[in-house]
> 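Quick one: this structure, given as structure tokens, is what I'll be asking you about.
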Amino acid sequence: MHVTLRQLKIFEAVARHLNFTRAAEELHLSQPAVSMQIRQLEEGMGLALFEQIGRRTQLTEAGREMYHYARAVDDLLGEAEEVAETLRSGAGGRLRISVASTANAFATRLLAAFVRQHPGVRFALDVTNRETLLRELEENQADLVIMGRPPEGLDLVTEAFMDNPLVVIASPGHPMVRRSRIPLKDLEDEPFVVREPGSGTRIAMERTFRERGVSLNAGMEMSSNEAIKQAVEAGLGLGIVSIHTLALELEAGRLAVLDVESFPILRHWYVVHRRGKRLLPAARAFKDYVLERARAYMPPAVGGEHSRPGPVEGIVDTSAHGG
Ligand code: PGA
């Protein structure tokens with residue numbers, strides 16, 4: 001079998017897009033050049049890798065098998081490039097870190113402190129929601145990920161390093177602010193401003209309401225914690241956010257935490273990477289730094305004097321998209 005790296009790279013792109021034109025655009029090649037390379041690859045292997053069903057390009061069984069190897073080769077080449085760059089640039093290196101939007105409240109400060117101690121390290125930080133983080137892990141686009149409950153099903157190394165309590169917030173003038181031990185059922189009629197469906201916070205709050213048989217009145221949907229806090233402050237409804245996002249607003253008295261039964265929901269933060277991944281020195285150092293230092297970024301406990309912890313999440317998720 002005669003296969004070149006170039007052919008594998010082109011095959012990987014066509015198989016990922018299931019589209020010759022899009023693969024050609026991504027690789028800055030012409031579409032006939034891509035088709036020719038695929039034809040030569042198929043001839044070299046003596047197997048058809050794609051089939052045309054109507055107007056759709058699909059992988060044959062042999063194509064699906066080969067895609068697995070093409071991805072692995074592509075990942076390894078990416079790693080080799082990173083190692084070469086690390087060796088060229090001395091002790092530093094480049095770190096791709098992705099964090100849940102909610103974790104950004106502490107992750108940026110943690111990174112800043114780390115970089116002060118490791119000035120040679122350059123990093124790219126992606127701040128995004130849980131759903132995107134899962135995709136990035138699957139596609140090996142991040143060295144390290146900081147997220148809420150990791151999914152099962154991907155072969156991951158996960159370590160919990162800090163609590164992530166979710167609380168109910170209201171504007172300070174809301175009548176429930178003065179009450180203590182509010183039954184969850186009493187929130188049924190209250191409109192909530194909620195995060196987008198791909199958010200770990202949203203999934204966890206929905207699960208808590210569902211498990212207690214209380215319906216959640218999700219009136220308005222917003223895609224960032226900042227937007228939710230502003231909406232709640234403006235009196236548009238109640239919200240549920242991690243206490244990591246609240247330090248300034250609580251200090252300034254712009255938001256209040258309600259004393260609701262079943263809250264806070266006790267979640268945890270995890271540092272996560274793929275099991276097979278060979279962590280570069282910079283990534284290993286940052287992971288150790290997170291495990292040792294992150295707790296210093298834990299905000300003080302909040303809640304009414306009677307508030308007691310709500311449900312505690314299991315250590316690992318049982319569904320691919322559970323929060
Ligand atoms: P998110 O937080 O709501 O910003 O996605 C992640 C998580 O808590 O799992």
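Just so you know, ligand 1 is whichever comes first in the structure, and atom 1 is the first atom listed for that ligand.
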> Taking only heavy atoms of Gly148, which atoms of ligand 1 are found under 4.0 Å from at least one of them?
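Near Gly148, meaning under 4.0 Å from one of its heavy atoms, ligand 1 has 7 (C), 9 (O).
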> Determine, for Asp163 against Arg295, whether the closest basic-nitrogen to carboxylate-oxygen distance falls under 4.0 angstrom.
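Looking at Asp163 and Arg295, the cut-off is not met.
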> Determine, considering heavy atoms only, which of Arg202, Arg149, Arg267, Glu196 sits nearest to atom 9 (O) of ligand 1.
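Heavy atom nearest to atom 9 (O) of ligand 1 belongs to Arg267.
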> I want to check something: taking the side chain as every heavy atom from C-beta on, are Val115 and Arg122 in contact at a cut-off of under 4.5 Å?
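They are not in side-chain contact.
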> Under 3.5 Å, is there a donor-acceptor pair linking the side chains of Asn104 and Ser101?
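Absent: no donor and acceptor within the cut-off.
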> I want to know if ligand 1 touches Ser101 in the polar sense, i.e. an N/O pair below 3.5 angstrom.
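Yes, Ser101 has an N/O under 3.5 Å of an N/O on ligand 1.
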> Once you round to the nearest 0.5 Å, how far does CG of Leu49 lie from CD of Gln58?
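These two atoms lie 14.0 Å from each other.
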> Return the option from Ile146, Thr102, Ile240, Leu166 holding the heavy atom at the smallest distance from atom 1 (P) of ligand 1.
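Among Ile146, Thr102, Ile240, Leu166, the closest heavy atom to atom 1 (P) of ligand 1 comes from Thr102.
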> Less than 4.0 Å between a side-chain N and a carboxylate O, is that true for Asp259 and Arg181?
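The answer is no: the pair does not qualify as a salt bridge.
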> Do any N/O atoms on Arg130 end up under 3.5 angstrom from N/O atoms on ligand 1?
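Yes, Arg130 has an N/O under 3.5 Å of an N/O on ligand 1.
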> Just to check, does Met147 reach to within less than 4.0 Å of ligand 1 when the distance is taken from its heavy atoms?
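Contact check Met147 vs ligand 1: negative.
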> So is Gly200 polar-close to ligand 1, meaning N/O to N/O under 3.5 Å?
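Yes, there is a polar N/O contact under 3.5 Å.
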> Evaluate Thr201 for polar contact with ligand 1, using N/O atom pairs at a separation under 3.5 Å.
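Right, the criterion is met.
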> Would you call the rings of Tyr289 and Phe114 parallel, tilted or perpendicular, where under 30° means parallel and over 60° means perpendicular?
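Perpendicular: the ring planes of Tyr289 and Phe114 meet at over 60°.
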> Just verifying a value: how many Å separate Ser242 OG and Trp269 CH2, rounded to the nearest 0.5 Å?
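It is 5.5 Å, given to the nearest 0.5 Å.
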> Show which atoms of ligand 1 fall inside a sub-4.0 Å distance from at least one heavy-atom site of Ala100.
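Numbered from 1, ligand 1 contributes 2 (O), 6 (C).
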> Show me which atoms of ligand 1 lie under 4.0 Å from any heavy atom of Arg195.
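Result: 1 (P), 3 (O), 4 (O), 5 (O).
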> Quick check: does Ser199 get an N/O under 3.5 Å from an N/O on ligand 1?
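Yes, there is a polar N/O contact under 3.5 Å.
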> Can you tell whether the side chains of Glu12 and Arg16 come within less than 4.0 Å, N to carboxylate O?
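Judged by the 4.0 Å cut-off on N to carboxylate O distance, Glu12 and Arg16 do form a salt bridge.
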